[in-house]
Amino acid sequence: SGLVGSEMCIRDSFRPDDPMTRAEFAVVLDRLMAYAETKVNPFKDVPAGTWYTKSVLGAAAAGILLGTDVDKASPGDRITREQAFTLMGRALMVKENEAGTAAYSDAAEISKYAKGYIGGMTAAGILHGSNGKCSPKSNITRAEVITVVDNAIGDIVDKAGEYQKDSEKSVIVNAAGAVLKDMAVKGNLIIAEGVGSGDVTLDGVTVEGSLVLRGGGEHSVVIKGKSKLGTVLVNRRDGKLRVAVEAVSYTHLTLPTIR
């Protein structure tokens, strides 16, 4: 994955066994989705100008990071495994499946809000637990976050231009001007916030999971050729999105209420 390098895209040395903070996890999400700058700050504990401000506010604006209270993000707190899995599940729009938590002997310890995503990510092969346990209340380490990201994401398309590579996992597009051509994605294909109001073209692309539209604008997401899509989820939270469909087959188009 383009996300993970020797320093995991965080501000200092890797330290794989260290627990991760909520701010650091927001930075990981930002590296995936490339959130835009936002001036809206609903959190009194997120000051302007820090190394994590853009990432926390971007994840909040996208509806991924909801905060620990009405006006608190608790950026310095260590993030638990169930919190991290929930945020990742929301970002990737994993299909919720509470029944999937039955794989863990400590399923009863998983908070209600996290069960759908943890079960869904388990069913999708993204989460495996350890010794039959999920350990939802434990702090997640940096190495564990890398494992989850690598299990979930096959590729990140972060530059304009033509891209052609099949993926057994999900693929994220976070740059405008990307053209995906003659490829198959077994997981979700996510047009992320980093595309902004730019354009993305899918030409002869097969998506076995969902096509998730978080970015794109009036210039449109163009779907053409012999593209075959499953569920299409439109989840852009601001601005207009035009989807131009040319000779494409899809099984279901979902336009959820955006809050």
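Count residues from 1 along the sequence.
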*Asks:* Identify the heavy atoms of Arg214 and Ile190 that sit nearest to each other, and give their distance.
*Replies:* CD-CG2, 4.4 Å
*Asks:* Does a side-chain N-to-carboxylate-O contact under 4.0 Å join Glu144 and Arg81?
*Replies:* yes
*Asks:* Nearest 0.5 Å please: distance from the CG atom of Asn188 over to the OG1 atom of Thr231.
*Replies:* 9.0 Å
*Asks:* Less than 4.0 Å between a side-chain N and a carboxylate O, is that true for Asp18 and Arg15?
*Replies:* yes
*Asks:* Just to verify, which of Val200, Leu241, Asn235 counts as forming a side-chain contact (heavy atoms from CB on, under 4.5 Å) with Ile191?
*Replies:* Val200
*Asks:* Say you draw a straight line from CZ of Arg31 to OG of Ser55; how long is it, rounded to the nearest 0.5 Å?
*Replies:* 6.0 Å
*Asks:* Which heavy atom in Phe43 sits nearest to a heavy atom in Ala60, and how many Å separate them?
*Replies:* CE1-CB, 3.6 Å
*Asks:* For a quick check under 3.5 Å, do Lys137 and Ser111 share a side-chain donor-acceptor pair by atom type?
*Replies:* yes
*Asks:* What's the spacing between Lys226 NZ and Asp203 CG if we round to 0.5 Å?
*Replies:* 11.0 Å
*Asks:* Where do Asp45 and Ala73 come nearest, in terms of heavy atoms and distance?
*Replies:* OD1-N, 2.9 Å
*Asks:* Do you see a donor-acceptor pair shorter than 3.5 Å between the side chains of Tyr104 and Thr122?
*Replies:* yes
*Asks:* Determine yes or no for a side-chain-to-main-chain donor-acceptor pair under 3.5 angstrom, with Ser210 supplying the side chain and Val212 the backbone.
*Replies:* no
*Asks:* What closest approach, in Å, do Asn174 and Ala192 show between heavy atoms, and which atom pair accounts for it?
*Replies:* CB-CB, 4.1 Å
*Asks:* Is a side-chain donor or acceptor of Ser135 paired with a backbone partner of Ser138 at a separation under 3.5 angstrom?
*Replies:* no
*Asks:* Under 3.5 Å, is there a donor-acceptor pair between the side chain of Lys169 and the main chain of Asp150?
*Replies:* yes
*Asks:* Taking Arg142 first and then Glu24, would you say they form a salt bridge - that is, a charged N and a carboxylate O separated by under 4.0 Å?
*Replies:* yes
*Asks:* What distance separates Leu87 CG from Arg90 CZ, expressed to the nearest 0.5 Å?
*Replies:* 5.5 Å
*Asks:* Where the side chain of Ser227 meets the backbone of Val205, is there a donor-acceptor pair that is under 3.5 Å apart?
*Replies:* yes
*Asks:* Can Trp51 be reached from Val145 by stepping across I, L, V, M, F, W or Y side chains whose heavy atoms are under 4.5 Å apart?
*Replies:* yes
*Asks:* Is it true that Asp71 and Lys44 make a salt bridge, defined as a side-chain N closer than 4.0 Å to a carboxylate O?
*Replies:* yes
*Asks:* Is it true that a side-chain atom of Ser74 and a backbone atom of Asp77 form a donor plus acceptor pair closer than 3.5 Å?
*Replies:* no
*Asks:* Is Glu193 salt-bridged to Arg236, cutoff N-O under 4.0 Å?
*Replies:* no
*Asks:* Looking only at side-chain N and O atoms, does Tyr163 offer a donor or acceptor that is under 3.5 Å from a partner on Asp155?
*Replies:* yes
*Asks:* Hey, what do you get for CG (Leu189) to CG (Leu229), rounding to the nearest 0.5 Å?
*Replies:* 8.5 Å
*Asks:* Quick one: pull up CD1 in Ile79 and CZ in Arg22 and give me the separation to the nearest 0.5 Å.
*Replies:* 5.5 Å
*Asks:* Among the clusters formed by ILVMFWY side chains lying less than 4.5 Å apart, do Val243 and Val171 turn up in the same one?
*Replies:* yes
*Asks:* Run the salt-bridge test on Glu168 and Lys186 with the 4.0 Å N-O cut-off and return the result as yes or no.
*Replies:* yes
*Asks:* Applying the 4.5 Å side-chain criterion to the ILVMFWY set and letting contacts propagate, would Val157 and Val179 be lumped into a single cluster?
*Replies:* no
*Asks:* Looking only at non-hydrogen atoms, find the nearest pair between Leu57 and Asn41 and report the distance.
*Replies:* CD2-OD1, 3.4 Å
*Asks:* Are any of the side-chain nitrogens in Lys133 or Asp106 under 4.0 Å away from the carboxylate oxygens of its partner?
*Replies:* no
*Asks:* Does any non-hydrogen side-chain atom of Val222 lie less than 4.5 Å from one of Leu202?
*Replies:* no
*Asks:* Is there a continuous path of hydrophobic side-chain contacts, each under 4.5 Å between heavy atoms, that joins Leu66 to Phe25?
*Replies:* no
*Asks:* Checking Glu208 against Val185 for the side-chain contact (heavy atoms from CB on, under 4.5 Å) test, could you report, in this order, the C-alpha distance in whole Å, the side-chain angles of both residues, the deciding distance, and whether it holds?
*Replies:* CA-CA 6 Å; Glu208 293 188 18; Val185 178; over 6 Å; no
*Asks:* Do you know which two heavy atoms are closest between Ile126 and Val148, and how far apart they sit?
*Replies:* CG2-O, 3.9 Å
